[in-house]
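One structure is given below, encoded as structure tokens.
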Amino acid sequence: MGFDDLEDAAAQQDADDADDAGEAKSKPMPDTNQTDRQQSEPSTENDGNNWKRRPAFPYDDASQEAIYPKSDTWDEFEDTLDFEVKRELRDAGLRDIPKREYHEALLKLAMENPDRLAELVIDSRKS
């Protein structure tokens, strides 16, 4: 009785939703694979600054692994990254470096200095 108009509105909404679903199904999805492939392929231009515009390695080559530093250590790392490392990279003409590239560099630094890495682990156990 008092809700007759509410039932009509609900029925109209259901009909509209069904029409929208039918339209969505009939529209073809764009082929993003071709676009993604084009963007991920490195440019072959002979521009001296070309290396500054592309990532060090594609995401496909990345391995996701968790690290578990102490909160204070992570905060100090981010400060060093933001205030020292990124400034030096900007001076070299590099901006918007993905985190995976910083993490790659950190691991390489640790591999180049295994004695120092072991020393830091031993020191952290003593404190």
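We count residues from 1, following the sequence as given.
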Can you tell me how far the CG atom of Asn113 sits from the NZ atom of Lys108, to the nearest 0.5 Å? 14.0 Å
dist Leu120:CG -> Arg125:CZ (nearest 0.5 Å) comes out at 13.5 Å
Would Arg100 and Glu104 count as a side chain to side chain contact (heavy atoms under 4.5 Å, CB included) here? Give the steps. CA-CA 6 Å; Arg100 64 190 162 91; Glu104 177 79 4; over 6 Å; no
Tell me the side-chain hydrogen bond (donor to acceptor under 3.5 Å, both in side chains) pairs involving residues 83-92, sequence neighbours left out? Asp82-Lys86
Is atom CG of Asp79 surrounded by more than 12 heavy atoms (other residues, nucleotides or ligands) closer than 6.0 Å? yes
Are there over 12 heavy-atom neighbours, none belonging to Glu119, within less than 6.0 Å of that residue's CD? yes
Sort and list the pairs that fulfil ring-ring contact (aromatic ring centres under 6.0 Å, His included) and have at least one residue in residues 82-105, not counting sequence neighbours. none
With sequence neighbours left out, the residues meeting ring pair (Phe, Tyr, Trp, His ring centres under 6.0 Å) with Phe77 are Trp74
Would you say the side-chain atoms of Thr73 pair up with the backbone N or O of Pro69, donor to acceptor, closer than 3.5 Å? no
Group every Ile, Leu, Val, Met, Phe, Trp and Tyr by side-chain heavy-atom contacts under 4.5 Å, then state whether Leu81 and Leu106 land in the same group. yes
What distance separates Asp96 CG from Glu101 CD, expressed to the nearest 0.5 Å? 11.0 Å
With a 4.5 Å cut-off on side-chain heavy-atom distances among I, L, V, M, F, W and Y, is there a chain of contacts connecting Ile97 to Val85? yes
